[in-house]
There are 2 protein chains.
Amino acid sequence: MKTRIRELRAKTGITQEELAQQVGVRRETIVFLEKGKYNPSLKLAYRVARTLGSTIEEVFIFEEEDLA
Amino acid sequence: MKTRIRELRAKTGITQEELAQQVGVRRETIVFLEKGKYNPSLKLAYRVARTLGSTIEEVFIFEEEDLA
DNA sequence: ACACATTGTTAGATATACCTAACAGGTGCA
DNA sequence: TGCACCTGTTAGGTATATCTAACAATGTGT
């Protein structure tokens, strides 16, 4: 799964650390999310999206394989 | 977290078992989701939403506390 | 009342999201 | 050069989503 986290972070000018704090997770978690290295819980995805001023389906980009 | 799974299932006339099969999880998982008893992974939420012909943010209803 | 489909619940096992701590590489600025 | 700040990575631990299997409860039609 790809994400627009980095892009949206840049747009709002916040760091991984700041995003992590606002969302309530560790910075490493943001790093992993940003790189698509794991599949977050729905609530976490929601908090990230809202903190970035966006929606889940705009921040997280699903692929064919995610439906199978 | 509340969901509209049961409502949408009724609308499309499919059972928990059928939804589970289409989504690729066990029926118990659907039961728990439907009752808001746990916080699914983002990909699972996506598959459930698509299978019900809807979107994540329409199927899963977030509350204040989900932002904290 | 009886069958049958659907839904609900429980308990134990497994996978993995997420935490914690620590360190390394890059970039900009004094 | 040297110091901050930001980012990336790694390893071990904890919590919990999901699986499996089995059974109970409820509903629905005959």
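Since the structure is predicted, the reported quantities are computational estimates derived from the model, not experimental observations. Proteins get letters first, then strands, A, B, ... in listed order; numbering begins at 1 in each.
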**Request:** Under the salt bridge (charged side-chain N to carboxylate O under 4.0 Å, His left out) rule, collect the residues that match up with B:R26, sequence neighbours excluded.
**Result:** none
**Message:** Return a single string for nucleotides 11-30 of chain D, one symbol per nucleotide in 5' to 3' order, where B is base contact, S is sugar-phosphate-only contact and - is none, cutoff 4.0 angstrom on heavy atoms.
**Reply:** ------SBSBBB--------
**Net bend of the helix from C:dA1-D:dT30 to C:dA30-D:dT1, end axes of five pairs each, nearest 10 degrees** = 40°
**Request:** Tell me, please, which residues at least two apart from A:T3 pass side chain to side chain donor-acceptor pair (under 3.5 Å).
**Result:** none
**Asked** Which parts of residues 11-20 of chain A get close to DNA chain D, meaning a heavy atom less than 4.0 angstrom away?
**Response** A:T15, A:Q16
**Prompt:** Does B:R9 have any salt bridge (charged side-chain N to carboxylate O under 4.0 Å, His left out) partners at least two apart in sequence or in another chain, and if so, which?
**Reply:** B:E34
**Complete:** Taken in chain and number order and not counting sequence neighbours, the residues that satisfy side chain to side chain contact (heavy atoms under 4.5 Å, CB included) with B:K11 are B:E7
**Prompt:** Going 5' to 3' on DNA chain C, which nucleotide is the first and which the last to come under 4.0 Å of a heavy atom in chain B?
**Reply:** C:dT6 to C:dT10
**Item:** Evaluation steps, side-chain contact (heavy atoms from CB on, under 4.5 Å), between A:V23 and A:T29
**Value:** CA-CA 10 Å; A:V23 159; A:T29 301; over 6 Å; no
**Complete:** side chain to side chain contact (heavy atoms under 4.5 Å, CB included) filter on B:E17, not counting sequence neighbours, yields B:T15, B:Q21, B:R27
**Prompt:** According to the salt bridge (Lys or Arg N to Asp or Glu O under 4.0 Å) rule, which pairs have a member within residues 59-68 of chain A, sequence neighbours left out?
**Reply:** A:D66-B:K43
**side chain to side chain contact (heavy atoms under 4.5 Å, CB included) against A:R50, all qualifying residues, sequence neighbours excluded** = A:Y46, A:T55, B:E57, B:L67
**Nucleic acid contacts of residues 47-59 of chain B, taken as heavy-atom distances under 4.0 Å to DNA chain D** = none
